[in-house]
Amino acid sequence: MMKRITDLTRRITEVMENVDFSGVVLIKQNGHTLLSTTRAYANRSDERLNQPHTRFGIASGCKIFTAVSICQLIEQGKLSYDSRLADVLSIKFPLWDQGVTIHQLLTHTSGIPDYFDEEVMEDFAELWKERPVYSMRQLNDFLPMFQNQPMKSAPGERFHYNNAAFIVLGLIVEEHTGQSFTDYVEQNIFNKCGMSDSGYFETDRLPRNTAIGYMDQEDGSWTSNIFSIPVKGGADGGAYITAPDMIRFWNALFSNELLGEETTGKLITPYVHEDDETYYGQGIWINRRGEALFKYHVMGFDPGVSFMSSVYPDHNLQVVVLSNKESGPYPITMAVEEALVR
């Protein structure tokens with residue numbers, strides 16, 4: 001066992017050096033820590049190092065929190081998977097199909113327009129040249145970016161990864177709970193899981209021990225991401241978490257502490273075949289190898305942010321890779337899989 005851990009540590013350290021990784025890697029198996037390691041700076045100006053409990057932005061990695069929130073309301077009888085958007089949200093979308101359902105929003109098959117369409121846009125930061133990021137603090141602030149746009153495709157016709165769909169789901173949570181979306185998640189997910197270091201923090205007043213996101217330029221210069229992402233995250237992404245807190249979330253989800261067993265099962269069902277062996281459930285990615293389940297995972301990428309976290313049920317293995325740069329988690333995750341889940 002010791003040789004296995006030593007070999008794993010050597011391999012991950014090598015990959016981190018090769019990709020100039022900045023962040024935290026945490027690997028647990030059977031409830032025991034196989035590896036907890038950090039590299040580079042949470043704050044480059046002050047040369048403050050990343051630590052095992054440093055908080056990192058996770059961008060779209062927190063869409064699963066939105067999905068769990070909606071599923072909690074479904075369990076309470078306030079919604080159903082088949083509820084039509086028009087019946088559960090008072091906000092009007094004049095050009096949208098009236099048949100869009102909660103399930104379609106959760107699985108990126110609604111066909112609604114997106115404020116950041118990843119099929120035609122690449123640079124998330126471009127969005128904020130005309131619209132100041134400091135004004136983006138609530139879900140309603142995103143509505144002018146997509147509310148009056150036409151449908152992209154018919155409901156249920158195809159998979160189209162959609163950030164606006166999760167903004168809409170967050171607005172549904174707000175309307176049916178009377179709380180802001182971020183307050184709801186912090187109270188009903190983070191607190192339940194014991195995720196005491198995590199939250200939806202504002203970039204202009206980050207709490208201590210939070211990594212600043214950095215964008216590196218080809219000439220060796222860099223800037224922080226403060227002008228490149230919304231000042232406060234919400235239902236489509238932008239929470240800050242620590243690696244141990246992400247493990248706490250996985251443990252709570254798969255022990256049915258957040259949702260009942262049946263609802264958890266629906267959340268992690270592979271509804272949509274995205275490509276090759278990749279599928280999508282409700283706010284969560286699912287990979288198969290052949291007909292067998294391989295892993296559940298979430299991921300997020302923003303300017304100055306990259307994140308991947310995976311659960312391998314057959315190996316009782318959990319992996320969290322958090323970074324305050326735009327890349328790094330993918331090659332590290334692949335290295336873990338090569339070493340531990342061949």
Side-chain angles (χ1 to χ4, degrees), residues 12-27 35-44 49-65 116 118 121-128 133 161 163 166 198 200-201 203 206 209-218 221-230 233-234 236-247 249-250 278 283-285 287 295-311 318-337:
I12 299 305
T13 300
E14 180 182 287
V15 174
M16 289 195 301
E17 292 293 329
N18 287 342
V19 301
D20 193 21
F21 179 71
S22 176
V24 171
V25 180
L26 176 60
I27 305 170
L35 178 67
S36 175
T37 190
T38 67
R39 187 178 185 277
Y41 296 112
N43 183 317
R44 294 181 182 181
L49 292 168
N50 285 313
Q51 302 291 339
H53 289 84
T54 298
R55 314 174 219 239
F56 291 83
I58 62 170
S60 288
C62 57
K63 281 186 171 68
I64 193 168
F65 304 148
F116 179 62
E118 297 185 19
M121 301 174 68
E122 293 184 357
D123 187 0
F124 188 68
E126 287 290 322
L127 287 173
W128 317 116
V133 292
Y161 189 83
N163 294 284
F166 275 70
S198 300
Y200 289 84
F201 310 126
T203 57
L206 292 173
N209 203 26
T210 302
I212 296 170
Y214 292 102
M215 298 176 291
D216 292 309
Q217 310 304 319
E218 291 184 1
S221 64
W222 52 263
T223 58
S224 80
N225 65 356
I226 190 169
F227 298 125
S228 301
I229 58 174
D236 63 329
Y240 289 80
I241 68 165
T242 65
D245 274 0
M246 191 65 207
I247 297 293
F249 172 77
W250 286 129
T278 303
I284 188 170
W285 297 94
N287 279 68
K295 68 176 176 179
Y296 302 108
H297 64 109
V298 292
M299 55 186 172
F301 303 92
D302 267 348
V305 177
S306 54
F307 161 73
M308 294 186 76
S309 184
S310 310
V311 174
Q318 301 161 318
V319 180
V320 184
V321 189
L322 294 155
S323 178
N324 57 334
K325 291 178 61 174
E326 297 186 10
S327 62
Y330 180 78
I332 290 171
T333 300
M334 293 304 100
V336 174
E337 291 181 4

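Counting begins at 1 with the first residue of the sequence.
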What closest approach, in Å, do [X] and [Y] show between heavy atoms, and which atom pair accounts for it?
{"X": "Pro52", "Y": "Val24", "answer": "O-CG1, 4.2 Å"}
{"X": "Ser327", "Y": "Ser306", "answer": "N-OG, 3.4 Å"}
{"X": "Tyr200", "Y": "Gly234", "answer": "CE2-O, 3.5 Å"}

(message) For Trp222 and Tyr214, take the angle between the two ring planes, folded into 0 to 90°, and tell me which bin it lands in: parallel under 30, tilted 30 to 60, perpendicular over 60.
(response) perpendicular
Could you check whether any side-chain heavy atom of [X] comes within less than 4.5 Å of a side-chain heavy atom of [Y], counting everything from C-beta outward?
{"X": "Phe301", "Y": "Tyr330", "value": "no"}
{"X": "Asp236", "Y": "Lys63", "value": "yes"}
{"X": "Thr54", "Y": "Thr38", "value": "no"}
{"X": "Phe249", "Y": "Ser198", "value": "no"}

(request) Decide whether His53 and Asn209 meet the rule of one side-chain donor and one side-chain acceptor closer than 3.5 Å. (result) no
Determine whether a donor-acceptor pair (N or O, by modelled atom type, separation under 3.5 Å) exists between the side chain of [X] and the backbone of [Y].
{"X": "Asn324", "Y": "Thr210", "value": "no"}
{"X": "Arg39", "Y": "Phe21", "value": "yes"}
{"X": "Ser323", "Y": "Pro329", "value": "no"}
{"X": "Asn225", "Y": "Pro303", "value": "yes"}

(message) Using the rule side chain to side chain contact (heavy atoms under 4.5 Å, CB included), only one of Val311, Val319, Thr333 pairs with Lys295; which is it?
(response) Thr333
